[in-house]
Colleague: 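Structure provided below as structure tokens; questions to follow.
Just so it is clear, the structure is predicted and the values come from calculations on it, not from any experiment.
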Amino acid sequence: LRSIIMVCKRRIFRIYTEMNKKINVLSFTKKGSQKNKELCSYLTEQEYDCIGYTIKRFSVECDLEPMPEYLSLWIGKKWGKEDFIFIGAIGIAVRLIAPWVKDKYSDSAVLVMDEKAQYCIPVLSGHVGGGIELAHMIENCMGAMPVITTATDVQKKFAVDVFAKKNRLQITDRKLAKEISAAVLEEKKIGFYSELGYKGKVPKEVVCCESERELDKFEYGIIVTAQKKEENQKSNRLYLLAKTYVIGLGCRKNISYIKLEKGLQLALAQVQIDLAEILAFASIDLKKEEPAIKKLSENYQIPFLTYSAEKLKKVECVSSSSEFVASVTGVDNVCERAAKYCCPDGRMILDKLKLDGMTVAIVQKKMEVLF
């Protein structure tokens with residue numbers, strides 16, 4: 001049982017690390033570039049997708065990529081999709097990112113570390129983008145002290161955006177989330193109700209309720225749910241939507257994106273699931289570079305995980321088998337095996353569904369939110 005639990009934890013961890021954006025580390029001096037190489041090596045060991053860049057004259061010596069000529073434009077093309085760590089003066093970072101800054105829900109995480117690795121400052125997207133978490137990882141590696149200026153962190157109070165990110169919950173009302181953060185800083189109690197249960201030490205600012213009705217006692221309430229709700233919502237209640245579904249996919253080679261997206265929508269409609277509730281797409285590694293699935297993953301910001309035929313064979317039971325599929329892929333049922341392997345503790349809610357040029361299976365992950 002212990003070994004099964006460890007396997008489950010490793011697979012869930014992989015889903016979370018897959019969600020992390022690519023990290024670009026930029027340095028401008030020789031000493032900074034040496035720190036750049038050290039940091040990239042550490043982050044790569046932690047399963048982050050990390051690339052280091054420096055000016056051309058240091059790139060060969062420090063074994064880093066040469067920095068693009070038009071650096072700000074290059075950053076703009078990656079903005080919101082990838083994150084950035086600058087090793088050098090904070091003013092350089094500010095000037096380069098200034099044209100692209102929008103809001104904390106869509107901005108890239110941006111951090112600045114000095115070339116002696118004394119301090120590390122999360123400049124943008126500290127909570128939602130994971131900048132503060134990344135700063136603490138850099139502290140573990142480089143010894144650079146994180147300089148945190150966010151009010152809830154400084155006051156050591158509950159932050160709804162941090163809680164949502166930690167549990168991969170979708171914030172359905174950004175304005176209300178800000179109001180709740182302000183209320184926390186004003187020492188107000190926040191009602192909390194989770195349909196999925198919860199674990200961990202509850203912050204003193206949060207009062208856990210046994211039912212949604214109990215939230216009426218509070219000026220603001222938070223509800224964690226696995227089902228999107230649009231009716232009878234109260235204006236002072238923030239709904240955090242849990243991503244609990246893993247979608248197993250199989251398809252013909254070079255299937256069109258339109259056909260794949262339409263098929264997925266049909267499958268989701270059968271079990272009344274919204275795209276916002278999807279944790280991951282899963283398939284066999286033969287489909288790792290399938291253009292339509294990669295585009296689907298990118299468009300909806302849902303990670304696409306793939307596994308070898310040998311791993312998928314470890315799934316013991318599937319609803320149906322195909323000799324033809326087995327002859328091509330090495331396994332008799334790609335979609336169910338991929339979904340179950342990705343989420344071994346989950347519940348199958350849609351067996352293999354054959355559609356035009358594709359197959360879909362859906363597993364729901366067991367989940368409790370963590371404080």
Colleague: Check Ile121, Leu96, Asn36, Val25 against Phe86 for a side chain to side chain contact (heavy atoms under 4.5 Å, CB included) and give me the one that passes.
Modeller: Leu96
Colleague: Within a strict 4.5 Å, meaning less than it, do heavy atoms of the Lys253 and Lys287 side chains meet?
Modeller: yes
Colleague: Do the rings of Trp74 and Tyr53 sit parallel, tilted or perpendicular, given the 30° and 60° boundaries?
Modeller: perpendicular
Colleague: Strictly below 4.0 Å, N to O, side chains only: are Lys234 and Asp216 in salt-bridge contact?
Modeller: yes
Colleague: Just so I know, are the side chains of Val360 and Leu249 near enough to count as touching, which here means a heavy-atom distance under 4.5 Å?
Modeller: yes
Colleague: If you group Ile, Leu, Val, Met, Phe, Trp and Tyr by side-chain heavy-atom gaps below 4.5 Å, do Met348 and Ile278 land in one group?
Modeller: no
Colleague: Rounded to the nearest 0.5 Å, how far apart are NZ of Lys199 and CG of Asn167?
Modeller: 12.0 Å
Colleague: How many angstroms lie between atom CD1 of Ile23 and atom OG of Ser108, to the nearest 0.5 angstrom?
Modeller: 11.0 Å
Colleague: What residue among Ile180, Val128, Leu169, Thr152 forms side chain to side chain contact (heavy atoms under 4.5 Å, CB included) with Asp161?
Modeller: Val128
Colleague: Under 3.5 Å, side chain of Glu277 to main-chain N/O of Asp274, donor-acceptor pair present?
Modeller: yes
Colleague: With a 4.5 Å cut-off on side-chain heavy-atom distances among I, L, V, M, F, W and Y, is there a chain of contacts connecting Met145 to Met142?
Modeller: no
Colleague: Between Cys317 and Lys340, which heavy-atom pair has the shortest distance, and what is it?
Modeller: O-NZ, 2.7 Å
Colleague: Spell out, as yes or no, whether a donor-acceptor pair under 3.5 Å connects the side chain of Ser322 to the backbone of Asp332.
Modeller: no
Colleague: Check this for me: Lys104, atom NZ, are more than 12 non-hydrogen atoms of other residues, nucleotides or ligands nearer than 6.0 Å?
Modeller: yes
Colleague: Aromatic contact between Phe163 and Phe192, with the criterion being ring centroids under 6.0 Å apart: yes or no?
Modeller: yes
Colleague: Got Lys311 and Arg337 here, is their nearest side-chain heavy-atom distance under 4.5 Å?
Modeller: no
Colleague: Do Leu268 and Ile362 make a side-chain contact, defined as non-hydrogen atoms from C-beta onward lying under 4.5 Å apart?
Modeller: yes
Colleague: Give the intermediate values and the outcome of side-chain contact (heavy atoms from CB on, under 4.5 Å) for residues Glu187 and Lys204.
Modeller: CA-CA 10 Å; Glu187 306 291 340; Lys204 64 180 182 179; 5.6 Å; no
Colleague: Taking atom types as modelled and ignoring hydrogens, do the side chains of Tyr198 and Glu368 form a donor-acceptor contact shorter than 3.5 angstrom?
Modeller: no
Colleague: Does Ile171 share a hydrophobic cluster with Leu370, counting links as ILVMFWY side-chain heavy atoms below 4.5 Å and allowing steps through other members?
Modeller: no
Colleague: Ignoring hydrogens and geometry, is there a side-chain-to-backbone donor-acceptor pair from Gln227 to Gln272 under 3.5 Å?
Modeller: yes
Colleague: Apply side-chain contact (heavy atoms from CB on, under 4.5 Å) to the pair His127 and Asp153, showing each step before the final yes or no.
Modeller: CA-CA 10 Å; His127 285 166; Asp153 290 281; 2.4 Å; yes
Colleague: So do Ile97 and Asp107 actually touch side chain to side chain, heavy atoms under 4.5 Å?
Modeller: no
Colleague: Rounded to the nearest 0.5 Å, how far does OG of Ser27 lie from CD1 of Ile87?
Modeller: 5.5 Å
Colleague: Measure from the side-chain N and O atoms of Trp100 to the backbone N and O of Trp79, and report whether any donor-acceptor pair falls under 3.5 Å.
Modeller: no
Colleague: According to a 4.5 Å side-chain heavy-atom criterion applied to Ile, Leu, Val, Met, Phe, Trp and Tyr, with indirect links allowed, do Leu353 and Tyr245 form part of one hydrophobic cluster?
Modeller: yes
Colleague: Testing the basics here: between Val246 and Leu279, what is the closest heavy-atom pair and its distance to 0.1 Å?
Modeller: CG2-CD2, 4.3 Å
Colleague: Which heavy atom in Ser125 sits nearest to a heavy atom in Ala109, and how many Å separate them?
Modeller: CB-CA, 3.8 Å
Colleague: When rounded to the nearest 0.5 angstrom, what is the spacing between CG in Leu43 and CD in Glu38?
Modeller: 10.5 Å
Colleague: Are any side-chain N or O atoms of Glu205 and backbone N or O atoms of Lys157, one a donor and one an acceptor, separated by less than 3.5 Å?
Modeller: no
Colleague: For Leu241 and Ala276, work out which heavy atoms get closest and say how close.
Modeller: CD2-CB, 3.8 Å
Colleague: Looking at every non-hydrogen atom in both residues, tell me the closest pair between His136 and Pro146 and how far apart they are.
Modeller: ND1-CG, 3.7 Å
Colleague: Hey, what do you get for CG (Leu240) to OG1 (Thr225), rounding to the nearest 0.5 Å?
Modeller: 10.0 Å
Colleague: Less than 4.5 Å apart, any side-chain heavy atom of Glu219 and any of Asn236?
Modeller: no
Colleague: Identify whether the distance between the nearest side-chain nitrogen and carboxylate oxygen of Lys35 and Glu115 falls below 4.0 Å.
Modeller: no
Colleague: Which atoms form the tightest heavy-atom contact between Glu290 and Cys251, and what is the distance?
Modeller: CG-SG, 3.9 Å
Colleague: Rounded at 0.5 Å granularity, tell me how far CG in Leu260 sits from CG in Leu296.
Modeller: 5.5 Å
Colleague: Checking Ile190 against Phe158 for the side-chain contact (heavy atoms from CB on, under 4.5 Å) test, could you report, in this order, the C-alpha distance in whole Å, the side-chain angles of both residues, the deciding distance, and whether it holds?
Modeller: CA-CA 10 Å; Ile190 307 300; Phe158 172 76; 5.5 Å; no
Colleague: Taking atom CD as the centre, does Glu210 end up with more than 12 heavy-atom neighbours from other residues, nucleotides or ligands that are less than 6.0 angstrom away?
Modeller: no
Colleague: Would you mind checking if Glu61 and Lys37 are paired as a salt bridge, meaning a charged N to carboxylate O distance below 4.0 Å?
Modeller: no
Colleague: Are side-chain heavy atoms of Asn333 and Val315 found at a separation under 4.5 Å?
Modeller: no
Colleague: Could you check Arg237 against Tyr193 for side-chain contact (heavy atoms from CB on, under 4.5 Å), going step by step and ending with a plain yes or no?
Modeller: CA-CA 10 Å; Arg237 292 182 184 176; Tyr193 172 65; over 6 Å; no
Colleague: For Tyr239, does its backbone N or O pair with a side-chain atom of Thr172 as donor and acceptor, under 3.5 Å?
Modeller: yes
Colleague: Indicate, with yes or no, if Leu196 and Leu238 share a hydrophobic cluster defined by side-chain heavy-atom contacts under 4.5 Å among Ile, Leu, Val, Met, Phe, Trp and Tyr.
Modeller: yes
Colleague: Compare all side-chain heavy atoms of Glu139 with those of Met113 and state whether any distance is below 4.5 angstrom.
Modeller: no
Colleague: Between Glu179 and Lys175, is the closest basic N to carboxylate O distance under 4.0 Å?
Modeller: yes
Colleague: Mark yes or no for whether Glu47, through its side chain, and Thr44, through its backbone, hold a donor-acceptor pair below 3.5 Å.
Modeller: no
Colleague: For the CZ atom on Phe371, are there more than 12 heavy atoms of other groups (residues, nucleotides or ligands in this structure) within a distance under 6.0 Å?
Modeller: yes
